[in-house]
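Everything numeric here is computed off the predicted structure, so don't read it as measured data. As a basis for the values below, the full set of heavy atoms in this structure was taken, side chains included, without hydrogen atoms, waters or symmetry mates.
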Number of protein chains: 2
Amino acid sequence: MNSNNEQPTIDYQALAELRYQIRRFLRFSEQVARAEGIEPQQYQLLLALKGLPTDRKPTVRELAERLQLQHNSTVELINRLAEHKLVERHRDDSDQRQVIVTLTTHGEEILQRQARYHQAELATIGPMLLQALETILAHNQDALNRDSRSQEDKG
Amino acid sequence: MNSNNEQPTIDYQALAELRYQIRRFLRFSEQVARAEGIEPQQYQLLLALKGLPTDRKPTVRELAERLQLQHNSTVELINRLAEHKLVERHRDDSDQRQVIVTLTTHGEEILQRQARYHQAELATIGPMLLQALETILAHNQDALNRDSRSQEDKG
DNA sequence: TCTATAAATATCGGATTACGATATAATTAT
DNA sequence: ATAATTATATCGTAATCCGATATTTATAGA
C-alpha cells in the first residue's frame, strides 16, 4: 500500500448539493427569462454587458470570456439579441476589427426587471448556495490538515 | 414621484461576477468530463446518484428533481448512461412503476476520478464564488437596512 | 513598401440536448 | 371493475454550442 496517501476523501454529498443549488438558481433564472420573453442565454449576455468591470471594453471577445463561450457562439448570441433590438453593434474607432456591443434602451429595461428578480431570489437561494460551498471548502481544509499528520480511513 | 421607494438598487457588477464564477466552474466541469470521455450532463447524473441524500430513493423522478430537469430529459440521459454501462436500471419491488438507478463499477470509477478533480478545483474557484455571493447578499442586506429608514440615491 | 503572420469577427454544417406532446404500465380511489 | 393518478418511456422539434473555415484589419519582418 501507499503510505504516502495523497488522495483526499471525496465528499460526494457536498459536491452534489452544490450542483443542486447551482441548478436551482439557474433553473429559476431560465424561468424568469422565458417569462419575460427572452432566452436564458440572452439575459446572461445583457447582464455581462451591464456588469462588465469598468476597465474592460465590451467587445465580442471580452463577452465570450465573461460567458465562458467560444467567440463564434457569442457572435451568434449577439446576432439574436440584435434582431430583437436589445443590443447594438458599433465598430471600434481605434481598432476597426473590434466590435463594441452596447445595450439599447429596451435591452436595459428588460435587463433591469430581470436582474431585480434575480437579486431578490438570491436572498433565498444564496444562503443555501453559500452553505453548500462552505461545506466543501471546509472539507478540503480538513483534508489538508490531516495530510500534515497521516491518514488512513476512507469515511 | 413615489416616496415609498420599494425598489432596491441593483448591483449589476456583483450579479455578473457571480455568473462569471459559476460559468468558470461549469466550464471546468465540462472540460474534465469531456477529457474523461463522457458528456458533462452525464457526470452530473452520476454525481447526483452517488451524492443523493441518504433518505431518498434513486428513482428517475428524484434524479430529475436533483438535476432540475424534466423527467423525460432525465430518462434520455439515463438511456445514454446505460448504453455506456455506467448505470443500470432495476424495477422497484414495492412499486413496479418506479425504476431504481444504480452505478456500475465502471461508472463509479469514472465518477471518482472526476469528482476528485472537481473538489480540488473548488479549492481555487470556491473562494471567488464565495466572495461574489457574499457581495450580493451583503448588498441585499444593506438595502433592507436602508429601507427601515428612507432611501433616495440610485448608486 | 510589400508580404507574411496574427487577431477579431462572422458564417455554415453537424451534433447534442432539452422540452412538449403523447403513450404505456402500474397503482390507488370510488 | 372502472376511473383517475403516478412513474416511466418514446418521438418530433427547436435551441444552442462547437469545429472548420472565411473575411477584414492590424502588426511584424525583409
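- Residue Q96(B) places no side-chain N or O under 4.0 Å from the OP1 or OP2 atom of dT27(C).
- Put simply, N79(A) has no side-chain N or O that comes within less than 4.0 Å of OP1 or OP2 on dT9(C).
- Within 4.0 Å of R23(A), counting heavy atoms only, lies no atom of the nucleic acid at all.
- For the pair R24(A) and Y20(A), the cation-pi test (distance below 6.0 Å, angle within 45°) is passed.
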* **Worked verdict on E36(B) versus R113(B) for salt bridge (charged side-chain N to carboxylate O under 4.0 Å, His left out)** => CA-CA 9 Å; E36(B) 298 281 333; R113(B) 204 160 39 227; 2.8 Å; yes
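- As judged by a 4.0 angstrom heavy-atom cut-off over every strand, E76(A) is placed among the base-contacting residues.
- To the nearest angstrom, C1' of dT16(D) lies 14 Å from CD of E39(B).
- Between H71(B) atom NE2 and dA21(C) atom P there is a gap of 12 Å when expressed in whole angstrom units.
- Each of dA15(D), dA10(C), dA9(D) was ranked by its minimum atom distance to the side chain of R91(B); first place goes to dA9(D).
- For R89(A), a side-chain nitrogen or oxygen approaches OP1 or OP2 of dA10(C) to under 4.0 Å.
- Put simply, the residue from R19(A), Q21(A), Q13(A) that forms a side chain to side chain donor-acceptor pair (under 3.5 Å) with E17(A) is Q21(A).
- Residue R34(B) is classed as having no contact, given no heavy-atom separation below 4.0 Å to the nucleic acid.
- Ranking dT11(C), dA15(D), dA26(C) by closeness to the N72(A) side chain, first place goes to dT11(C).
- Applying the 4.0 Å criterion to OP1 and OP2 of dT17(C), one finds that Q41(B) has a side-chain N or O inside that range.
- Nucleic acid contact for L77(A): none, since no nucleic acid atom lies under 4.0 Å from a heavy atom of the residue.
- For L69(A), the side-chain atoms get nearest to dC17(D) when compared with the rest of dA7(D), dG20(C), dC17(D).
- I78(A) places its CD1 atom 15 Å from the C1' atom of dT16(D), with the value rounded to the nearest Å.
- For Q31(B) and dG19(D), the CD to C1' distance is 15 Å, given to the nearest whole Å.
- Where D95(A) and Q42(A) each meet DNA chain D at their nearest nucleotide, the meeting point lying more 5' is that of Q42(A).
- Side-chain to base pairing of R97(B) with dT6(D): one donor and one acceptor N or O lie within less than 3.5 Å of each other.
- Remark: Y117(A) OH is loosely packed, at most 12 non-hydrogen atoms of other residues, nucleotides or ligands lying under 6.0 Å away.
- The side chain of Q70(B) has dG20(C) as its nearest neighbour among dA8(C), dT8(D), dG20(C).
- Note: CD1 (I38(B)) to P (dT17(C)) measures 11 Å, nearest angstrom.
- The aromatic rings of Y43(B) and H118(B) sit parallel, their planes meeting at an angle under 30°, below the 60° perpendicular limit.
- Between the T104(A) side chain and the L86(A) main chain, a donor and an acceptor come within less than 3.5 Å of each other.
- Nearer the 5' end of DNA chain C, as judged by each residue's closest nucleotide, is the contact made by V75(A), out of P40(B) and V75(A).
- In this structure, T59(A) reaches the sugar-phosphate backbone alone: every heavy-atom distance under 4.0 Å involves primed, P, OP1 or OP2 atoms, never a base.
- Whole-Å rounding puts the Q44(B) CD to dT16(C) P distance at 18 Å.
- Contact between the side-chain N/O atoms of S73(A) and the OP1/OP2 oxygens of dT16(D) is not found at any separation under 4.0 Å.
- In the set dT8(D), dC18(D), dC17(D), the nucleotide with an atom closest to the side chain of Q98(B) is dT8(D).
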